[in-house]
Amino acid sequence: MIKKQIAILGSTGSIGTQALQVIEEHPDKYEAYILTANNRVEELIAQARKFMPEAVVIANESKYPRLKEALADLPIKVYAGEEALCQIVAEKPVDMVLTAMVGYAGLKPTINAIRARKTIALANKETLVVAGELINDLARMNRTSILPVDSEHSAVFQCLAGENGNAIEKVILTASGGPFRTFTHEQLKTVTKEQALHHPNWEMGAKITIDSASMMNKGFEVIEAKWLFGVRPDQIEVVVHPQSVIHSMVQFEDGAVKAQLGMPDMRLPIQYAFSYPDRLHASFPRLDFTKCTELTFEQPDTTRFRNLALAYEALHRSGNMPCIVNAANEVCVAAFLHDRISFLGMSDVIEKTMERVSFISKPTYEDYVATDAEARRVAESVING
Ligand code: NDP
Ligand code: MG
């Protein structure tokens, strides 16, 4: 049997390491062809020695000498820099690219992978937030698929299996509500990064953990759903479901609602993207209904969690507005993690950045690059007062 050759962009992260666990579960089906990281060179070295990929790339060029020297005894190609990372996805033997790097940096390699007609397993939601229309057009032109890895979108995708184009009435995205679900506005004023980094149900990278606490993550997922499933914003509903057992739902024209349930474990959606349209055996923990006795639902509160409202607004205004929100949010999250801004201050900065950056209704790729840079400058200047 020919093994699927997978390029993992961001193999040292939360999604990347779980993807390697999936590959370990199915060594007869999958091979890690390329592994990449940004800074964590020692982790990348250990992964390379274990999984023996064809090539590794470290985005931070200053780490190249260490990587090269540590892998000198192995027949693994070693590259460094952003450009190498963008180019390597086009290597001929690569069948699938898992975009598991964080933030706007995922956009260019994803575009290159689509141009090279690779199937995309998309974890890097920021790519669709920033440039969903452009990505969809490119995927259509190059006849390549974008398979969701984000658990909510994987759930929707699983609910759509076998529906052969039956019209969707509504996509219902579930949200855990994060660590501050029950906090009052007063309490939110003083929350710390340590509190925000402590997610009740999921172990994830720092950036998405803060986005989950602020509900920007859910806002981004609404935008992601629009581009993945071709639904209008008013067809996408968010419901808070603190147990994170129902991963999301689809309501069809006849009123039927399908849901996908399971443990909160990203290895399942990662594996489904790898094996689609098949399902494979997995040894991961099962949902136990003797322990999970209560499933509850609440409405999201966009007054306390303004980021969710800002993301919806960006989706309605469309054009480069979601790109502006993404850039401002990346600046804000970094600032919050460095204690330069308060938790609620993040929404203020994002809102001001949305007002100040030039709006473009039909952006090109170059417009997105310019918008991202401008929005970062504006957000920084707002933070610095
Ligand atoms: P992590 O922070 O854990 O990992 C990010 C990975 O990307 C690391 O390998 C990191 O390298 C690499 N990386 C970071 N910045 C750059 C850069 N500028 N250039 C190249 N590589 C870079 O993030 P997660 O795994 O949590 O998230 C990855 C993506 O998946 C995000 O877009 C997130 O929204 C999405 N996602 C994550 C989920 C989760 O459960 N974690 C769930 C759903 C979606 P290094 O280790 O060297 O820093
Ligand atoms: Mg998600």
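We count ligands from 1, going down the list as the structure has it; atoms in each ligand are counted the same way. What you see is a predicted model, and the numbers here were worked out from it, not measured in a lab. This chain uses plain numbering: 1 for the first residue, then up along the sequence.
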A.B. asks: Could you list which atoms of ligand 1 come closer than 4.0 Å to a heavy atom of Thr12?
C.D. replies: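 It comes down to these atoms of ligand 1: 8 (C), 9 (O), 11 (O), 45 (P), 46 (O), 47 (O).
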A.B. asks: At under 4.0 Å between heavy atoms, is it the side chain or the backbone of Ala59 that contacts ligand 1, or both, or neither?
C.D. replies: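 The answer is the side chain.
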A.B. asks: Which atom, among the N/O/S set of Glu152, is closest to the Mg ion (ligand 2)?
C.D. replies: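 Sorting the N, O and S atoms of Glu152 by distance to the Mg ion (ligand 2) puts OE1 first.
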A.B. asks: What residue and atom, counting heavy atoms only, is the protein's closest point to atom 33 (C) of ligand 1, and at what distance?
C.D. replies: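 That would be Ile208 CD1, 3.9 Å.
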A.B. asks: Identify which of Ala100, Gly81, Gly103, Pro148 has a heavy atom lying nearest to atom 6 (C) of ligand 1.
C.D. replies: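 The option holding the nearest heavy atom is Ala100.
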A.B. asks: Report yes or no: does Gln235 contribute a side-chain atom to a donor-acceptor pair with the main-chain N or O of Arg232 at less than 3.5 Å?
C.D. replies: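 Flag set: sc Gln235 to bb Arg232 pair under 3.5 Å.
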A.B. asks: Is it the side chain, the backbone, both or neither of Glu43 that has a heavy atom closer than 4.0 Å to ligand 1?
C.D. replies: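 Neither part.
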A.B. asks: What protein heavy atom is closest to atom 20 (C) of ligand 1, reported as residue, atom name and distance in Å?
C.D. replies: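 Checked against all protein heavy atoms, atom 20 (C) of ligand 1 sits closest to Met101 CE, 3.4 Å.
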A.B. asks: With a heavy-atom distance limit of 4.0 Å, tell me whether Met266 approaches ligand 1 through its side chain, its backbone, both, or neither.
C.D. replies: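 Side chain only.
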A.B. asks: Any atoms of ligand 1 less than 4.0 Å from a non-hydrogen atom of Ala123? List them with their elements.
C.D. replies: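 Result: 30 (O), 32 (O), 35 (C), 36 (N), 44 (C).
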A.B. asks: Please check whether Thr36 reaches ligand 1 - meaning an N/O of the residue sits under 3.5 Å from an N/O of the ligand, judged on distance alone.
C.D. replies: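 Looking only at distances, the answer is no, because the N/O contact criterion of under 3.5 Å is not met.
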A.B. asks: Among Ile208, Asn307, Ile210, which residue satisfies the side chain to side chain contact (heavy atoms under 4.5 Å, CB included) criterion with Asn217?
C.D. replies: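 Answer to the side chain to side chain contact (heavy atoms under 4.5 Å, CB included) test with Asn217 among Ile208, Asn307, Ile210: Ile208.
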A.B. asks: If you measure every N or O of Arg40 against every N or O of ligand 1, does any of those distances drop under 3.5 Å?
C.D. replies: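 There is such a contact, yes.
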A.B. asks: Would you please classify the geometry between the Phe229 ring and the His153 ring as parallel, tilted or perpendicular, with 30° and 60° separating the classes?
C.D. replies: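 It falls in the parallel class, under 30°.
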A.B. asks: Please check: side-chain N/O of His199 versus main-chain N/O of Trp202, any donor-acceptor pairing under 3.5 Å?
C.D. replies: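 Yes: the side chain of His199 pairs with the backbone of Trp202.
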A.B. asks: Would you say Asn142's side chain and Thr144's backbone share a donor-acceptor pair under 3.5 angstrom?
C.D. replies: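 No, the answer is negative, given that no donor and acceptor are paired below the 3.5 Å cut-off.
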A.B. asks: For the side chain of Ser11 and the backbone of Ile8, is there at least one donor-acceptor N/O pair under 3.5 Å apart?
C.D. replies: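 A pair under 3.5 Å: no.
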A.B. asks: Please check this pair: side chain of Asn38 against backbone of Thr12, looking for a donor-acceptor N/O pair closer than 3.5 Å.
C.D. replies: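 Not confirmed, Asn38 side chain does not pair with Thr12 backbone.
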A.B. asks: Could you go through Asp367 and Thr364, starting from their C-alpha distance and side-chain angles, then the distance that decides it, and tell me whether this counts as side chain to side chain donor-acceptor pair (under 3.5 Å)?
C.D. replies: CA-CA 5 Å; Asp367 291 330; Thr364 60; 3.2 Å; yes
A.B. asks: Side chain of Gln271, backbone of Leu280: donor and acceptor closer than 3.5 Å?
C.D. replies: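 Between the backbone of Leu280 and the side chain of Gln271 there is a qualifying donor-acceptor contact (under 3.5 Å).
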A.B. asks: Could you check whether Asp73 pairs with Arg49 (Lys NZ or Arg NE/NH1/NH2 to Asp/Glu carboxylate O, under 4.0 Å)?
C.D. replies: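 Salt bridge between Asp73 and Arg49, a charged N being under 4.0 Å from a carboxylate O: yes.
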A.B. asks: Quick one: the OD1 of Asp150, the Mg ion (ligand 2), OE2 of Glu221 angle, rounded to 10°, please.
C.D. replies: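 Centred on the Mg ion (ligand 2), the OD1/OE2 angle is 100° (to 10°).
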A.B. asks: What residue and atom, counting heavy atoms only, is the protein's closest point to atom 2 (O) of ligand 1, and at what distance?
C.D. replies: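 Answer, as residue, atom name and distance: Gly205 CA, 3.8 Å.
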A.B. asks: Within the distance-only criterion (no hydrogens, no angle test), does the side chain of Asn124 pair as donor or acceptor with the backbone N or O of Thr127 below 3.5 angstrom?
C.D. replies: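 Between the backbone of Thr127 and the side chain of Asn124 there is a qualifying donor-acceptor contact (under 3.5 Å).
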A.B. asks: Could you tell me whether Glu380 and Arg340 make a salt bridge, using a distance below 4.0 angstrom between a side-chain N and a carboxylate O?
C.D. replies: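 Answer for the salt bridge query: yes.
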A.B. asks: Where is the nearest protein heavy atom to atom 18 (N) of ligand 1: which residue, which atom, and how far?
C.D. replies: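 The closest one turns out to be Ala105 CB, 3.5 Å.
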A.B. asks: Checking a contact table here: which protein heavy atom is nearest atom 22 (C) of ligand 1, and how many Å away?
C.D. replies: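 Looking only at protein heavy atoms, the one closest to atom 22 (C) of ligand 1 is Asn38 CB, 3.4 Å.
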A.B. asks: Side chain or backbone, does Ser14 bring an N or O within less than 3.5 Å of an N or O on ligand 1?
C.D. replies: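 Such a contact does occur with ligand 1.
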A.B. asks: Would you mind finding which of His199, Gln47, Met204, Lys125 brings a heavy atom closest to atom 40 (O) of ligand 1?
C.D. replies: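 It is Met204 that holds the nearest heavy atom.
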A.B. asks: Can you tell which part of Val102 has a heavy atom less than 4.0 Å from ligand 1: side chain, backbone, both or neither?
C.D. replies: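 Both parts.
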A.B. asks: So, is Ile15 polar-close to ligand 1, with some N/O to N/O distance under 3.5 Å?
C.D. replies: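 Ile15 vs ligand 1: N/O contact under 3.5 Å present.
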A.B. asks: Look only at interatomic distance and state if Asn39 has a nitrogen or oxygen under 3.5 Å from any nitrogen or oxygen of ligand 1.
C.D. replies: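 Among all N and O atoms of Asn39, at least one is under 3.5 Å from an N or O of ligand 1.
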A.B. asks: Would you say the ring centroid of Phe180 lies under 6.0 angstrom from that of Phe305?
C.D. replies: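 No - the distance between ring centres of Phe180 and Phe305 does not fall below the 6.0 Å cut-off.
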A.B. asks: Going by heavy atoms, is Glu126 under 4.0 Å from ligand 1?
C.D. replies: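 Distance cut 4.0 Å: Glu126 passes for ligand 1.
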A.B. asks: Is Arg304 reaching over with its side chain to a backbone N or O of Phe183, donor-acceptor style, under 3.5 angstrom?
C.D. replies: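 Checking the backbone N and O of Phe183 against the side chain of Arg304, a donor-acceptor pair under 3.5 Å is found.
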A.B. asks: Going by distance only, is there an N or O of Ala37 that falls short of 3.5 Å from an N or O of ligand 1?
C.D. replies: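 There is no such contact.
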A.B. asks: Within ligand 1, which atoms have a heavy atom of Asp150 less than 4.0 Å away?
C.D. replies: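 Answer, ordered by atom number: 43 (C), 44 (C).
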A.B. asks: Below the 3.5 angstrom mark, is there an N/O of Gly13, backbone or side chain, next to an N/O of ligand 1?
C.D. replies: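 Yes: some nitrogen or oxygen of Gly13 is under 3.5 Å from one in ligand 1.
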